[in-house]
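So the structure is just underneath, and the comments pick up after that.
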2 protein chains.
Amino acid sequence: MSKEAPPPAARATIRDVAREAGVSVTTVSHALNGKGTASEETRRKVLAVAERLAYRAHPMARGLRRGRTGVLGLDMRPLDAIGSYIPEGVDYFVRFAGAAAVTALDHGLGLMLVPDLTRSDVSRAALGVDGYVIGDPTRDDPVLTRLLDASVPVVAVGRDPGRPDFTDWVGTDDARETERMLDLLRSRGARRVAFLAGTDDNAWNVDAELAYREWTARHAMPARILRVPEAAGEDGGRDAARRLLTGAGERPDAVHCQTGRHASGVLAEALRLGVAVPDDLLVTAGSDAQQTRIASPAITALDLAPEESGRAAVELLIARLNGEPADGPVVIPARLHVRASTGPA
Amino acid sequence: MSKEAPPPAARATIRDVAREAGVSVTTVSHALNGKGTASEETRRKVLAVAERLAYRAHPMARGLRRGRTGVLGLDMRPLDAIGSYIPEGVDYFVRFAGAAAVTALDHGLGLMLVPDLTRSDVSRAALGVDGYVIGDPTRDDPVLTRLLDASVPVVAVGRDPGRPDFTDWVGTDDARETERMLDLLRSRGARRVAFLAGTDDNAWNVDAELAYREWTARHAMPARILRVPEAAGEDGGRDAARRLLTGAGERPDAVHCQTGRHASGVLAEALRLGVAVPDDLLVTAGSDAQQTRIASPAITALDLAPEESGRAAVELLIARLNGEPADGPVVIPARLHVRASTGPA
DNA sequence: TACCACGCACAAAACGTTTTGGAAAATGGA
DNA sequence: TCCATTTTCCAAAACGTTTTGTGCGTGGTA
């Protein structure tokens, strides 16, 4: 190490700034955080020096003092299920996480990926995180329970069906969006619409199914509901299609599937069975995914706007952290991508 | 607030443990970290008390003292390109990030998502992160340069083609794996193999292309190379297929595409043009993706083992942070998924 | 007995902030 | 000129660790 070279990453401390500006560290802190009462002149001087020295408060020191880490945790369930199966909605996850991370950073915060909290011990859960964003809570979600019990700020993506009082969530209005999709099917001539839901007991499945029931009743249509595990993917969709199309009873002329993978499986199996899509059968999906875009014909689907959800979730969490008043659930409108699986435009 | 209820989350501090165990904080710290000289008896007593109080060192305090934050940064380029286009390899990303996050947590560290560092200012880059994992560096990668200049520990996924001295990377042996794939094509009868690369100047493209050139020369085959931007996706693949299949010159009997989306586009366009796959044309991909699995026929592809790369990258970075000696690049073997696009098994 | 080495435990300093509680200087009013 | 404010600044105390240096017994050796 040559004595000539400046020590490489000698980070400037608040003391350096204070010395250089000829004021106390208190004043520097105040000037930088807009807290105390300092003359405009002093403030400007401090800002200038801080700028010149490229000073940034050491995140640890600040965190220690403020009792905040400046990091948000993101717990989307699929994360540590990866490896065991290819999860539905990988592109949902990436788009959501990307937007969340960018939004957090825009607020000077980091976004930490946290594997399923139900599996890791509680202590870890507290691992230096100011608050959590958790994805798609199931009814009376255990992770949510744990975090709320520990009074850790938390925002969910989608409501917890068993916890009507918990309003810190962000998501789509699944009932309304489902109706929208069903209306589209009806306008395209469908009169016997089957519904293929997942088995996870979350609001997304629950609300869509309820909407479907009400919608079929309203239109005096038969209700035909199948439930297939999300993890069953395309194969699950294929099985369901076989049951729907070759089984007893009147054949549906449309199938609305919650997941894109199920829809993709239904489509493939229908084609294999010689049922033409969209001529003999309309197929739609409650969530957009690579599968729905790639399928041939491409599948009409609801785009759940993960980018906007990610941004909104982080912003809501930050509002919580700042003790701002509750502004209830944030509803993100979905986009309806009409594609070939529901007939010509 | 009732005085009866215990303060909800009164985290136990090292002082509590010390008091309870009847020793000094120094001794507690030493016992817990296995540092100082303490009698076995004292150590056990401290451990027991710490366990009972569910004590965990406050990450900020520890970080402040140790000069480490306990958080690793993950910078995969696609992240903040999201929104502008649906990136290739979203499932690669999720699987990689998931494995990386789990591995980090197993070591008591967090994994933070960081959008492209080239766009954010430097100061942010230092945002409380001990080291970085960056994905797929391009030649003389600017992010890598910046981090190395700031002597921030960093591990790359894939080597930097312009930086042979930098060996802290993890990834597949793209030359060898490409050869393996080409050999497969040859064994299935292909004699005029075209190669469709991406345009990013990273090792993955560079090494595969070089391997292709050498392989064709070795086997006295004509070399036909097309380059299509990664972001062009399926459409890019379609265009390329049109050029290859309808243009002048002898028609290739196989196409190897680096990205799954390109391969998917090539396949679709070939079928549209009446070129049967695998009968008249074999199609393969250099990276597995949803597209290759879903396509019909499914496309033979290299699975770049993102889970293992993610784990290895984090472990290498941790070794670096602990000042352990360099153990060069870590090569992860790819898996070759042979599917219908290269003929019957 | 005197000295040394060693095992064990501790007090205090340090890490870089923010915040508290004043104190000095400036201002205004009488 | 003097007192009461107000403005402007600061020293010192926290935050919860880890680390450094030191002291105190105890047993062995000269």
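Chain letters run A, B, ... following the sequence lines, proteins first, then strands; residues in each count from 1.
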* **Value in whole Å for how far the C1' atom of D:dA14 lies from CG of A:L64** => 9 Å
* To do: Compare side-chain N and O positions of B:T42 against OP1 and OP2 of C:dA9 and report whether any pair is under 4.0 Å apart.
  => yes
* Sugar-phosphate, base or nothing in reach of A:S39, heavy atoms under 4.0 Å -> sugar-phosphate
* Check side-chain hydrogen bond (donor to acceptor under 3.5 Å, both in side chains) between A:R19 and all other residues, then give those that pass, not counting sequence neighbours. => A:D16
* **Upstream residue (5' side of DNA chain C) when A:S29 and B:V23 are each assigned their closest nucleotide** => B:V23
* Rounded distance in Å - CZ (A:R19) to P (D:dC10) -> 14 Å
* **Residue-phosphate contact under 4.0 Å: B:T37 side-chain N/O, C:dA9 OP1/OP2** => no
Distances under 3.5 Å only, N/O to N/O: pair up the protein atoms with those of nucleotides 22-26 of chain D.
none

* Asked: What integer distance in Å separates B:R15:CZ from C:dA11:C1'?
  -> 12 Å
* Quick one: side-chain hydrogen bond (donor to acceptor under 3.5 Å, both in side chains) partners of B:R163, sequence neighbours excluded? -> B:T145, B:D160
* To do: Establish, with yes or no, whether the OP1 or OP2 oxygen of C:dT19 is under 4.0 angstrom from a side-chain nitrogen or oxygen of A:K35.
  => yes
* To do: Find the bend of the helix from C:dT1-D:dA30 to C:dA30-D:dT1 as the angle between its two terminal axes (five pairs each), to the nearest 10°.
  => 70°
* Structure fact -> Rounded to whole Å, the CZ-C1' distance (A:R56 to C:dG16) equals 16 Å
* side-chain hydrogen bond (donor to acceptor under 3.5 Å, both in side chains) with A:D200: which residues, sequence neighbours excluded? -> none
* Verify the contact: side-chain N or O of A:T27 to OP1 or OP2 of D:dC10, cut-off strictly under 4.0 Å; return yes or no. => yes
* Spacing between B:R68 atom CZ and D:dT19 atom P, to the nearest angstrom -> 11 Å
* To do: Name all residues meeting the side chain to side chain contact (heavy atoms under 4.5 Å, CB included) criterion together with B:T27; count only those two or more places apart in sequence or in a different chain, and write none if there are none.
  => B:V23, B:S24, B:T42
* Asked: Rounded to whole angstrom units, what separation is found between the CZ atom of A:R43 and the C1' atom of D:dC9?
  -> 12 Å
* Structure fact -> Across all chains, not counting sequence neighbours, the side chain to side chain contact (heavy atoms under 4.5 Å, CB included) partners of B:R15 are B:T13, B:V25
Can you give me the N/O atom pairs linking the protein to nucleotides 20-25 of chain C at distances under 3.5 Å, or say none if there are none?
none

* **For atom CD1 of A:I14 and atom C1' of C:dC15, their distance in whole Å** => 14 Å
* Residue pairs fulfilling salt bridge (Lys or Arg N to Asp or Glu O under 4.0 Å) with at least one residue in residues 316-327 of chain A, sequence neighbours excluded -> A:D168-A:R320
* Structure fact -> To the nearest angstrom, the CG-C1' distance between B:N33 and D:dT19 comes to 11 Å
* Asked: Does A:T167 have any side chain to side chain contact (heavy atoms under 4.5 Å, CB included) partners at least two apart in sequence or in another chain, and if so, which?
  -> A:P329
* Structure fact -> Residue set satisfying side chain to side chain contact (heavy atoms under 4.5 Å, CB included) with B:A104, at least two apart, ordered chain then number -> B:L72, B:L109, B:L111, B:V314
* Listed partners of A:E315 passing side-chain hydrogen bond (donor to acceptor under 3.5 Å, both in side chains), at least two apart -> none
* To do: Flag the pair B:V157 / B:F96 as yes when at least one side-chain heavy-atom distance between them is below 4.5 Å, and no otherwise.
  => yes
* Is there a donor-acceptor pair closer than 3.5 Å between any side-chain N or O of B:D75 and the backbone N or O of B:I134? -> no
* Closest listed nucleotide, where the reference is the side chain of A:S24 and the choices are D:dT17, C:dT17, D:dA11 -> D:dA11
* Asked: So, do A:L32 and A:Y55 sit near enough that their side-chain heavy atoms are less than 4.5 Å apart?
  -> yes
